[in-house]
Student: 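Below is one structure. I have some questions about it.
Worth knowing before you read on, the calculation uses all heavy atoms, side chains too, and leaves out hydrogens, waters and symmetry mates. By convention in this document, chain letters (A, B, ...) are assigned in the order of the sequence lines, proteins followed by strands, and residues within each chain are numbered from 1.
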Amino acid sequence: MVSRRHTGHPRSAAEQILDGLNDNQREAVTAIDGPLLIIAGPGSGKTRVITHRIAYLVRVVGITPYGIAAVTFTNKAAREMRQRLVPLLGQAADRLTASTFHAFCANVLRREGEHIGLDRDFVIYDDTDQMALVKRALTELELDPKRFPPRSILSGISSAKSELLGVEGLAHRSGSYWDEIVVRAYERYEDLLRQCSAVDFDDLLLRTYRLFERVPDVAQKYQERYVHFMIDEFQDTNVAQYAIARQLARHHLNICVVGDPDQSIYTWRNADIRNILSFQDDYPKAKLIALEENYRSTQTILDAARSLIASNTQRVDKDLWTRNGEGVPIVIAEGYNEEDEAQFVIREIQSLTKNQESVVGRKKSGPSLGDIAVMYRVNAQSRALEEACLRYGVPYQVVGGMKFYQRQEVKDIIAYLRLIANPDDDVSLNRVINLPTRGIGQRTLDHLARTARGAGTSQFAAIKSLSDGSVLDRDAVISPFTARAKTALIGFGNLIKSIADEREDLDLLDIIDAVLERSGYQRWLLDQERGEERMENIHEFRASARDYLSLGRTEALSAFLESVSLVADVDSMEDRTDAITLITLHQAKGLEFPVVFMVGMEEGLLPHSRSMDDPTQLEEERRLCYVGVTRAKERLYLLRAFRRGFRGMSGGSEPGTPSRFLLDIPQELLAAPTQPKSPATGNQRSAVRRAESGEGVRSAMTESRREGIRRTKLPTPSRSDNRERSFGTIRSVRSSRAPNVPGQRPARAGSNQAAASPRLATGDKVMHKVFGEGIVMECKPSSGDFEVTIAFKDGAGVKRLLLGMAPIEKVS
DNA sequence: CGAGAATAGTTTTTT
DNA sequence: ACTATTCTCG
């Protein structure tokens with residue numbers, strides 16, 4: 001490379017690439033000949049090894065980036081890999097294939113699908129679409145969805161596909177009545193997919209596999225191209241993915257897989273840990289390298305992780321170690337309920353980040369908000385956290401949850417677009433044919449489905465033949481459609497056709513606008529509940545289409561639709577320094593944060609109730625917990641709630657039990673919570689301790705129950721004062737601020753508070769520390785404080801905040 | 001026959 | 001709470 005050196009010899013590329021790697025890492029980077037299995041513990045520099053290995057292949061060995069493929073679990077990981085390669089490879093990094101298995105396969109199929117009779121404009125069906133199709137298949141087979149839940153049927157189909165079993169293959173293997181039903185549904189489901197020119201997620205893999213099997217020329221092309229094939233997160237690949245990798249590596253045999261069996265958390269999605277064993281069978285000469293030095297976490301965190309995972313019986317022990325210091329103890333704490341738990345998290349975050357606010361010259365370097373993540377088992381848990389963030393004015397970023405592309409209004413527009421790209425897409429057609437209402441009801445749709453099926457065409461085609469009268473003329477006498485329905489159907493058909501016909505003349509944005517206008521969707525939506533807000537989502541969606549304008553007009557629509565189908569939530573996660581991250585444990589895989597809070601450490605949540613009975617699944621839950629713990633670099637908090645609401649009935653549930661995983665963590669790694677204002681923490685801890693020291697979980701629970709109630713000085717819960725009660729549990733707040741209960745509701749338990757008036761009124765101008773300037777829109781009493789609704793300038797939007805908590809000042 | 005209202009059932013994790 | 005299906009009315 002062109003850079004001046006003060007030593008006599010310029011450093012060679014090899015030296016530069018290997019610099020700073022430990023022995024095992026070096027070995028992994030330079031073992032470039034033949035199959036390689038890297039077992040990489042958490043924080044062992046896995047990504048570094050992969051990127052440096054690629055750099056080594058290119059700059060030292062001289063392989064063209066074009067000949068290297070690296071498959072990752074998410075698009076985000078792929079993007080990051082490419083970015084990290086830029087300093088090592090420069091522009092050449094662009095030529096590398098780096099994507100998810102699914103995206104890779106979609107690409108191959110888009111280019112080569114014709115060989116196996118795949119329509120050029122095929123759409124990719126997501127989970128919801130698949131369900132619609134399975135339901136239809138069941139109806140057509142006259143199977144009772146109560147006895148045969150579509151969900152279960154679909155998962156049967158999906159796991160068959162993940163193991164490369166077609167209908168025949170599954171039929172062959174089936175051994176029970178249930179299997180028999182799945183086979184029949186599978187068969188019909190496949191017909192429907194074909195009819196719609198659609199493939200589902202599993203098909204992307206299955207069909208790529210078949211393509212390579214059946215069309216050797218195509219397979220050969222890719223086999224020769226990819227001199228090196230690498231797979232990250234190998235423990236989470238399924239049989240189909242591994243099979244494709246083997247196909248691709250058949251020629252050069254340079255296949256490198258990187259994984260950690262202890263981090264396998266996707267077996268429910270048919271990932272198969274046995275792939276790691278198979279790898280060694282399939283490639284007996286494979287070199288095996290273990291990366292065991294951890295660069296990420298403190299000794300304390302690593303110790304906790306180690307003892308936790310050691311409780312799993314189905315595993316090979318690893319020797320994880322770190323040179324990092326001991327660090328600070330792990331904090332285990334209990335909140336009264338989920339709100340209280342969230343409260344604890346937020347207050348702790350505030351105290352952690354307080355030290356470094358706007359002082360000239362660097363002050364104490366505490367974590368910034370971007371260094372902090374709160375992790376949970378189920379998406380629903382984000383809610384309490386979000387609310388707490390809003391109240392306290394802590395900026396946050398939720399990964400996933402209500403996925404953007406899953407929002408109804410967005411999916412509606414996507415359905416229109418898909419239909420324009422591929423009118424045979426029955427699922428999309430059914431979604432929007434009566435949206436806005438066009439007088440096409442269930443009855444008409446049933447007829448339409450039957451007609452289409454009878455004619456062996458898609459529903460759109462059936463509508464078309466209705467309008468030109470071709471097919472149905474013969475049956476005109478018994479035509480099931482009323483004149484009104486017929487007109488409505490033809491009207492819809494023309495709508496789609498007219499836009500599709502202009503596809504060449506319109507760019508992507510025009511098409512979206514045409515849909516919004518001509519379908520009447522926009523006008524209709526704005527009249528709906530929360531219409532404005534939902535329209536905003538559509539605008540955001542429309543804006544995201546901008547990226548595709550540079551592509552040709554024909555290409556843009558399909559490319560856009562494809563990207564929409566294949567993004568993961570974590571893909572759109574930004575590396576923000578100014579907001580905490582709320583994320584599920586699953587999505588957190590592969591990420592790291594200086595500070596990690598894991599909430600919901602309770603039996604039933606982690607481990608989840610669905611997985612508690614089965615030892616295999618239980619071990620997966622423990623691995624999930626392990627993944628969470630090992631995300632933390634410096635500080636780890638394990639929280640739980642004494643009571644947790646269930647589906648809306650907040651707080652009214654039975655007391656919970658601390659997660660058994662807490663018992664796996666040695667006491668000496670634990671500390672009292674760092675929140676001095678909280679008088680209850682010591683007791684909470686003793687509750688946990690007691691549970692650990694063998695007195696049993698039950699007694700710990702009873703203890704903490706007594707604690708919870710005493711601490712909060714509250715009478716027996718009654719439904720009506722849920723909110724007040726939960727406020728009462730905000731321990732430290734209570735001691736530091738006098739709650740203001742407005743006159744309206746004096747009947748609060750122990751009402752020793754005088755009514756006070758809010759210090760803000762509607763119309764006041766305020767300044768918020770984080771969100772900036774805003775106007776008060778509403779101010780109403782809430783849980784002994786006031787909830788103010790403020791519209792902020794500068795795109796911060798409208799926020800609901802708790803007056804007593806939020807860093808707000810009145811401006812004028 | 002369709003549209004909105006009432007009611008029943010239910011999701012753990014996601015490419 | 002949230003949706004998906006069923007019920008009832010125009």
Student: To the nearest angstrom, how far is A/N238 atom CG from B/dT14 atom C1'?
Tutor: 13 Å
Student: Do A/F101 and A/F201 have ring centroids that are under 6.0 Å from one another?
Tutor: no
Student: Let me know the distance between CG of A/L605 and C1' of B/dT11, rounded to the nearest Å.
Tutor: 13 Å
Student: Looking at B/dT15, B/dC1, B/dT13, which one has an atom nearest to any side-chain atom of A/H586?
Tutor: B/dT13
Student: Of A/Q617 and A/T437, whose closest DNA chain B nucleotide lies nearer the 5' terminus?
Tutor: A/T437
Student: Take the angle between the ring planes of A/W268 and A/H586 and call it parallel below 30°, perpendicular above 60°, tilted in between.
Tutor: perpendicular
Student: By nearest atom, which of the nucleotides B/dT13, C/dA1, B/dT14 is closest to the A/V378 side chain?
Tutor: B/dT13
Student: Less than 4.0 angstrom between a side-chain N/O of A/Q587 and OP1 or OP2 of B/dT14, yes or no?
Tutor: yes
Student: Could you tell me if the ring centre of A/Y626 sits under 6.0 Å from that of A/F661?
Tutor: no
Student: Measuring from the side chain of A/N434 (C-beta onward, heavy atoms only), which nucleotide among B/dT15, B/dC1, B/dA3 has the closest atom?
Tutor: B/dA3
Student: Can you identify which nucleotide, out of B/dT15, B/dC1, B/dT14, has its nearest atom closest to the A/H447 side chain?
Tutor: B/dC1
Student: In this structure, how many angstroms lie between the C1' atom of B/dT10 and the NE2 atom of A/H608, rounded?
Tutor: 12 Å
Student: Go through B/dT15, B/dC1, B/dT14 for me and flag the one nearest to the A/F201 side chain.
Tutor: B/dT15
Student: Picking from B/dA3, B/dG2, C/dA4, which would you name as closest to the side chain of A/K135?
Tutor: C/dA4
Student: Supply the atom-to-atom distance A/T237 OG1 to A/I273 CD1, rounded to the nearest 0.5 angstrom.
Tutor: 10.5 Å
Student: For the pair made of CE in A/M375 and P in B/dT14, what is the distance, rounded to whole Å?
Tutor: 13 Å
Student: Nearest whole Å is fine: how far is B/dT11 C1' from A/R383 CZ?
Tutor: 16 Å
Student: Please determine, for the side chain of A/R484, which listed nucleotide (B/dG2, B/dT14, C/dA4) has the closest atom?
Tutor: B/dG2
Student: Among B/dC1, B/dT14, B/dG4, find the nucleotide with the atom closest to the side chain of A/T584.
Tutor: B/dT14
Student: Rounded to the nearest 0.5 Å, how far apart are CD of A/E619 and OG of A/S611?
Tutor: 12.0 Å
Student: From CE of A/M612 over to P of B/dT13, roughly how many Å is that when rounded to an integer?
Tutor: 17 Å
Student: With sugar-phosphate meaning primed atoms plus P, OP1 and OP2, does A/F101 contact a base, only sugar-phosphate, or nothing at under 4.0 Å between heavy atoms?
Tutor: nothing
Student: Using atom CZ of A/R269 as one end and atom P of B/dT13 as the other, report the distance to the nearest whole Å.
Tutor: 13 Å
Student: Tell me every residue that passes ring pair (Phe, Tyr, Trp, His ring centres under 6.0 Å) with A/F212, counting only those two or more places apart in sequence or in another chain.
Tutor: A/Y222
Student: Between C/dA4, B/dT14, B/dG2, which nucleotide has the shortest distance from any of its atoms to the side chain of A/A485?
Tutor: B/dG2
Student: B/dG2 P sits how many Å from A/L448 CG, rounded?
Tutor: 12 Å
Student: With P as the reference atom in both, quote the distance from C/dA4 to B/dT13 in angstrom, rounded to an integer.
Tutor: 15 Å
Student: If you assign A/R151 and A/G441 each to the DNA chain B nucleotide with the nearest heavy atom, which residue ends up on the more 5' nucleotide?
Tutor: A/G441
Student: Give a yes/no verdict on base stacking between B/dT13 and A/W268: centres under 5.5 Å, planes within less than 30° of parallel.
Tutor: yes
Student: Taking only N and O in the side chain of A/N379, is any of them less than 4.0 Å away from OP1 or OP2 of B/dT11?
Tutor: no
